[in-house]
Amino acid sequence: MSEEHVHEHDHPGHEEAINRFNELKDVKPVRQGEFLGEEQEKFYVALSEEEVYELSPLAYYIWVMCDGEHTVNELAESISKEAQIDVKDVIEPLVMALDQLHEAKLVNY
């Protein structure tokens, strides 16, 4: 049994993330809202005066990259290159962040 195979069993959500990534990979997400500012590694984005969200550095970075010009697959490749980690290690956090941003209406698919 390969290490990769064992690794996948350690993370039951990994396969789900891969499936979700395959669904989204050709989508060009578009960010919504307005960047308000940053305070102690927390980033604030507002949809309206009543709806302000606090984003982690990773979520903010992904939000900024959602310009409607790049596919989810291109976002994964870009993050992989920037962070110098394997693209397969980027997929799960990327998909989770995109889905959370989408739920908050900060990203449209």
Side-chain angles (χ1 to χ4, degrees):
M1 191 171 348
S2 71
E3 269 185 36
E4 203 171 298
H5 191 70
V6 170
H7 182 74
E8 282 181 21
H9 283 291
D10 292 344
H11 300 281
H14 185 71
E15 202 171 303
E16 282 173 42
I18 298 289
N19 293 339
R20 184 74 180 126
F21 177 76
N22 286 330
E23 287 172 23
L24 292 175
K25 70 180 181 191
D26 297 322
V27 170
K28 294 181 178 178
V30 182
R31 68 180 170 268
Q32 306 294 310
E34 184 182 331
F35 178 58
L36 296 178
E38 172 194 355
E39 192 179 301
Q40 298 172 342
E41 299 239 340
K42 292 185 173 92
F43 297 83
Y44 296 92
V45 174
L47 275 180
S48 68
E49 284 182 30
E50 295 81 34
E51 285 184 284
V52 177
Y53 292 90
E54 179 184 289
L55 304 182
S56 68
L58 174 66
Y60 174 71
Y61 179 69
I62 291 168
W63 179 79
V64 168
M65 292 176 72
C66 293
D67 58 8
E69 301 291 315
H70 298 91
T71 65
V72 170
N73 193 48
E74 290 168 333
L75 298 184
E77 289 172 7
S78 180
I79 294 168
S80 165
K81 214 175 284 179
E82 185 94 11
Q84 297 181 332
I85 54 176
D86 197 304
V87 77
K88 71 176 173 24
D89 295 328
V90 167
I91 288 172
E92 201 168 341
L94 173 61
V95 166
M96 285 173 54
L98 279 172
D99 279 344
Q100 288 171 352
L101 289 167
H102 184 253
E103 276 178 41
K105 296 182 177 50
L106 292 174
V107 168
N108 282 343
Y109 296 144

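Bear in mind the structure is a predicted one, so any value in this text is a computation, not a measurement. Starting from 1, each residue takes its place in the sequence as its number.
- Taking the side chain as every heavy atom from C-beta outward, L98 and C66 approach each other to under 4.5 Å.
- A distance of 12.0 Å separates CD in Q32 from CD in E51, rounded to the nearest 0.5 Å.
- Using a 4.5 Å heavy-atom cutoff, the side chains of D99 and Y109 are in contact.
- Evaluation of the ring-ring contact (aromatic ring centres under 6.0 Å, His included) test over residues 66-86, restricted to residues two or more places apart or in two chains, returns none.
- Linking Ile, Leu, Val, Met, Phe, Trp and Tyr whenever their side-chain heavy atoms come within less than 4.5 Å leaves V107 and M96 in two separate clusters.
- In the hydrophobic cluster analysis, where Ile, Leu, Val, Met, Phe, Trp and Tyr join through side-chain heavy atoms closer than 4.5 angstrom, V27 is grouped together with I79.
- For the pair Q100 (side chain) and A97 (backbone), a donor-acceptor distance under 3.5 Å is absent.
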### Task
Could you walk me through whether D67 and R31 pass side chain to side chain contact (heavy atoms under 4.5 Å, CB included), step by step?
CA-CA 6 Å; D67 58 8; R31 68 180 170 268; 3.9 Å; yes
Side-chain donor-acceptor pairs of residues 33-46 under 3.5 Å, sequence neighbours excluded:
{"from": "Y44", "atom 1": "OH", "to": "E54", "atom 2": "OE1", "distance (Å)": "3.2"}

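- Taking the side chain as every heavy atom from C-beta outward, K25 and T71 never approach each other to under 4.5 Å.
- Shortest non-hydrogen contact noted between A59 and L55 is CB-CB, 4.1 Å.
- Proximity of P29 to L101: side-chain heavy atoms (C-beta onward) are nowhere separated by under 4.5 Å.
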